[in-house]
Amino acid sequence: MSIFDQTIKRRCTNSVKWDAMEKVYGLNDASDILPMWVADMDFPAPIAVSKALQQHAEHTIFGYSYMSEEAIQSIVDWQNTRHDWHIEKEAILFCNGVVAALANSIVALTNPGDKVLISPPVYPPFFNIPKSNGREVVSCPLIEKDGLFVYDFEAFEQSLAQDVKAYILCNPHNPGGYVWDEATLKEIVRLCAKYDVIIISDEIHADLMINGDKHIPLAKVAGDEINRIVTCMAPTKTFNLAGIQVSYMIVTDKKKRLKLEAINMASGQGSLNTFASVALHAAYTEGAPWLDELLPYISANMDYVKTELEQIPGIRVTIPQSTYLIWIDYRELALEEKEIMNRLLEIGKLALEPGTKYGEEGRGFLRMNVACSFDTVKDGVERFKKVFAQ
């Protein structure tokens with residue numbers, strides 16, 4: 001029996017995924033609804049991480065702390081081993097989370113009123129963070145080709161030419177789970193360099209390669225343009241540590257690092273919580289076997305979902321290259337998003353994410369999280385099928 005076959009009770013633990021559905025979906029009572037929406041796992045973190053945190057807690061004093069040299073070195077070693085990416089310790093800056101890192105990068109490296117480019121469908125903070133900080137969001141949607149979303153580089157260049165100052169890249173892509181190839185990444189860099197655009201690359205899903213695909217860090221293939229890139233990463237998505245709130249930016253350009261450090265201090269984010277260094281270090285030094293067992297388990301869950309759901313006429317499932325999130329295409333059903341969401345919640349008692357959360361380009365899609373026990377996945381699939389059995 002795999003450690004991932006456990007079904008751990010998460011209700012009544014202040015879990016956003018399990019305990020916030022009434023608020024998120026506008027329900028009076030969600031106690032009978034299965035949540036397969038927000039992107040955290042129902043799996044226990046690696047034992048090494050739990051033990052390290054318990055040992056730290058036993059000290060009983062939780063004063064100010066800083067990121068240890070051992071933790072910083074573990075990042076360097078992890079990137080080298082996992083992604084064949086050689087980085088310098090001096091290039092690393094810490095932040096409370098990748099969303100905070102995106103926000104600080106926007107504030108530090110652009111000015112109010114500047115244009116920031118995004119490529120929807122994409123993670124909602126890409127829309128919200130620039131707007132909330134007084135920047136103008138310019139959208140250049142990905143286009144669909146053979147059931148996948150890809151870049152339209154002619155349209156991408158036209159968008160960059162509109163005096164865009166920064167581009168936010170999702171690498172790997174969320175919600176689609178695409179792993180951008182080297183040619184695509186190099187073309188993004190080339191065009192951004194042509195128009196002197198800074199690139200903020202969200203690479204939080206980098207370690208979650210499902211079927212042997214390899215993540216390519218944008219900065220690794222940027223060549224002489226590496227100094228225009230801020231890479232945002234974290235162990236939190238990889239090892240189910242989102243509540244620890246620790247992330248880091250890899251910034252090779254010293255001037256940009258100084259600007260980011262100043263914004264970190266100005267926003268009161270100059271230090272992390274006392275558990276952050278402990279969790280990060282334990283995950284990166286001892287968590288690899290756990291991750292290597294996790295990935296095939298998620299892959300099997302995905303294969304099962306695809307096989308079962310595609311028995312429903314009009315449903316198409318694309319297995320992602322990365323992440324534990326499945327992008328479900330229901331466009332052939334000609335159902336409005338509100339209707340299918342209501343059916344899922346009321347008949348199936350199942351909470352998924354609507355595609356338009358990721359932009360209008362996501363209309364006709366649903367996002368399903370399968371980072372849970374196989375028994376839970378089977379339950380979710382049966383609930384989904386029940387919706388279409390009536």
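For the numbers below, each heavy atom of this structure counts, side chains included, while hydrogens, waters and symmetry mates do not.
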With a 4.5 Å cut-off on side-chain heavy atoms, are [Y] and [X] touching?
X	Y	result
Pro120	Glu360	no
Lys115	Arg135	no
Ser277	Tyr66	no
Val116	Tyr167	no
Val24	Val16	no
Glu187	Tyr151	no
Met368	Val305	yes
Tyr330	Glu337	yes

Kindly say whether the aromatic ring centers of [X] and [Y] come within a distance under 6.0 Å.
X	Y	value
Phe239	Trp78	yes
Phe384	Phe388	yes
Trp290	Phe43	no

Measuring from [X]:[atom1] to [Y]:[atom2], what's the distance to the nearest 0.5 Å?
X	Y	atom1	atom2	value
Ile200	Asn104	CD1	CG	10.0 Å
Asp114	Asp163	CG	CG	7.5 Å
Ile250	Cys232	CD1	SG	9.0 Å

With sequence neighbours left out, what residues match [X] under ring pair (Phe, Tyr, Trp, His ring centres under 6.0 Å)?
X	result
Trp18	none
Phe275	His56, Phe62
Tyr358	Trp327

Please say yes or no: joined through hydrophobic side-chain contacts below 4.5 Å, possibly via intermediate residues, are [X] and [Y] part of one cluster?
X	Y	answer
Met233	Ile216	no
Met302	Leu325	yes
Phe374	Ile3	yes
Met67	Met249	no

In terms of side-chain geometry, is the basic nitrogen of [X] or [Y] positioned less than 4.0 Å from the acidic oxygen of its partner?
X	Y	answer
Asp19	Arg11	no
Arg331	Asp329	yes
Glu310	Arg316	no
Asp292	Arg82	yes
Glu182	Lys186	yes
Arg383	Asp32	no
Arg343	Glu339	yes

For Cys192, the option from Leu169, Ile229, Leu218, Val197 that meets side chain to side chain contact (heavy atoms under 4.5 Å, CB included): Val197
Is the number of heavy atoms from other residues, nucleotides or ligands within 6.0 Å of CD (Glu382) greater than 12? yes
Is there a side-chain contact (heavy atoms from CB on, under 4.5 Å) between Glu261 and Leu93? Walk through the geometry before answering. CA-CA 8 Å; Glu261 286 173 349; Leu93 295 174; 3.4 Å; yes
Where at least one partner belongs to [range], residue pairs that pass salt bridge (charged side-chain N to carboxylate O under 4.0 Å, His left out), sequence neighbours excluded:
range	result
residues 215-231	Asp84-Lys220, Asp196-Arg228, Glu225-Arg228
residues 88-110	Glu69-Lys89
residues 148-159	Glu157-Lys194

Looking at His173, His205, His83, which hits ring pair (Phe, Tyr, Trp, His ring centres under 6.0 Å) with His215? His83
Aromatic ring pairing Tyr248/Tyr284, orientation class (parallel under 30°, perpendicular over 60°, tilted between): perpendicular
